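Start at 1 and go down the list; that is how both ligands and their atoms are numbered. The model shown is predicted, which means the values in this text are computed figures rather than measured ones.
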Amino acid sequence: MKHFLNLIDLTRDELHGLLSNAAQHKAAHAQGTEPRSLAGRVVALIFEKPSLRTRVSFESGIAQLGGTSLYLPGNEVGLGWRETLADFARTISNYVDLLVLRVYQHATLEGLARYASVPIINGLSDWSHPCQGLADLLTVRELFGNEKGRTVAFVGDGNNVARSLAVGCGKLGINFILACPEGYGFDDKFKADYCRRVSRHFPKEVNNPAQAVKKADVIYTDVWTSMGQEAEREERLRRFAGFQVNSKLLAKAPKHVKVLHCLPAHRGEEITDEVMDGPACVAFQQAANRLHAQKAIMEWLLT
Ligand code: CP
Ligand code: NVA
């Protein structure tokens with residue numbers, strides 16, 4: 001049984017295969033020649049947290065490939081509290097062909113994966129966001145052709161999005177550098193996983209954003225306070241104050257630099273309006289790529 005819980009579980013070849021299928025889906029979508037590869041399939045989307053991009057791109061993508069989607073808010077199905085994860089997984093596996101989950105705790109996904117007899121896609125957990133990571137890599141590939149040897153500077157929190165992107169970059173030979181305040185970098189568990197399963201060369205971490213972007217082809221940022229961390233918001237606003245992606249920081253990067261953001265953006269915090277709406281920002285191309293990347297993931301799991 002294959003699942004899509006973390007990019008670290010994929011081989012380089014699988015990652016390349018998903019990216020080329022995603023690109024094919026994008027071209028087919030533009031030409032109106034998409035395959036009906038999910039005809040007769042039902043996909044359940046179980047979300048404990050809010051979403052625009054993940055939910056809508058999955059639901060639309062499933063419809064475009066001829067499948068059916070069911071949206072189930074986590075509190076309605078009582079995920080993890082109305083019955084055990086094991087009972088939940090064994091039951092729902094009888095009704096649907098694929099599960100997409102957005103959860104607070106990554107352990108919920110691992111628990112379900114143990115008992116489900118259908119594949120599970122991680123639609124974001126506190127640990128990782130692999131669907132986002134795949135769409136990000138597709139975007140980098142579109143921007144630069146061959147992504148190998150490029151440099152991505154992630155300015156912000158060493159969070160779920162940063163971990164997935166760092167792993168994806170490591171697997172494809174893209175340099176990844178994290179600029180964050182002291183104490184908000186990657187943790188030891190991630191370091192150990194990365195060094196064991198991706199590369200011995202762990203991404204560089206700095207506390208100075210200007211230093212990080214100096215040779216960057218891509219500057220990436222995400223919110224400073226992720227879903228579930230709301231109680232830390234005031235503290236985080238203070239700690240991340242010098243880590244805003246603004247015109248002053250862009251001026252320190254090479255002229256060709258592009259800016260990515262997984263969205264939703266907290267304009268005026270991690271990124272300014274000027275950068276978000278400026279010519280370097282490709283966040284909406286990146287958001288569009290979620291649709292195509294996820295079609296490739298679903299086909300990989302189901303066909
Ligand atoms: N980037 C992303 O996952 O967006 P949503 O939270 O809106 O799904
Ligand atoms: N790091 C953010 C990403 C949202 C798509 C969060 O987890 O809230």
Original post:
Among the heavy atoms of Arg290, does any lie under 4.0 Å from an atom of ligand 1?
Top reply: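 The answer is yes: ligand 1 sits under 4.0 Å from a heavy atom of Arg290.
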Subject >> Min heavy-atom dist Leu263 to ligand 1 below 4.0 Å >> reply: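 Per 4.0 Å heavy-atom rule, Leu263 contacts ligand 1.
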**OP:** Please list all pairs passing the side chain to side chain donor-acceptor pair (under 3.5 Å) test where one or both residues lie in residues 97-119, with sequence neighbours left out.
**Re:**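 Residue pairs with at least one partner in residues 97-119: Asn6-His106, Thr54-Arg102, His106-Ser125.
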Subject >> Sequence neighbours excluded, every pair satisfying side chain to side chain donor-acceptor pair (under 3.5 Å) that has a member inside residues 249-259 >> reply: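 Side chain to side chain donor-acceptor pair (under 3.5 Å) check on residues 249-259 returns Asp217-His256.
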Original post:
Among all residues two or more places apart in sequence or in another chain, which pass the salt bridge (charged side-chain N to carboxylate O under 4.0 Å, His left out) test with Arg141?
Top reply: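 With neighbours one apart ignored, the set is Glu147.
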Subject >> Pick from Arg53, His261, His129: the one approaching atom 3 (O) of ligand 1 most closely through a non-hydrogen atom >> reply: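 Among Arg53, His261, His129, the closest heavy atom to atom 3 (O) of ligand 1 comes from His129.
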**OP:** Can you figure out which of Gln286, Arg102, Lys49 has its heavy atom closest to atom 6 (O) of ligand 1?
**Re:**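 Among Gln286, Arg102, Lys49, the closest heavy atom to atom 6 (O) of ligand 1 belongs to Arg102.
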Subject >> ligand 1 to Cys262 polar contact by distance, N or O atoms, under 3.5 Å >> reply: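 Right, the criterion is met.
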Original post:
Does NZ or CZ of Arg163 fall inside the cone over Trp127's six-membered ring, less than 6.0 Å from its centre and within 45° of the axis?
Top reply: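 Yes.
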What is the ring orientation for [X] with [Y], classed by angle as parallel under 30°, tilted 30 to 60°, or perpendicular over 60°?
X: Phe4; Y: Trp300; answer: perpendicular
X: Phe154; Y: Tyr220; answer: parallel
X: Tyr194; Y: Phe190; answer: tilted

Subject >> Salt bridge flag under 4.0 Å for residues Asp187 and Lys191 >> reply: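 No, Asp187 and Lys191 are not salt-bridged.
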**OP:** Enumerate the atoms of ligand 1 whose separation from the nearest heavy atom of Leu52 is less than 4.0 angstrom.
**Re:**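 Contacts of ligand 1 toward Leu52, numbered from 1: 5 (P), 7 (O), 8 (O).
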Subject >> Least distance between heavy atoms, His3 atom then Ile120 atom >> reply: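 Scanning both residues, the minimum pair turns out to be ND1-N, 2.9 Å.
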**OP:** Please list, by chain and number, the protein residues whose heavy atoms come under 4.0 Å of ligand 2.
**Re:**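 Ligand 2 pocket, heavy atoms under 4.0 Å: Leu124, Asn159, Asn160, Val161, Asp222, Val223, Ser226, Met227, Leu263.
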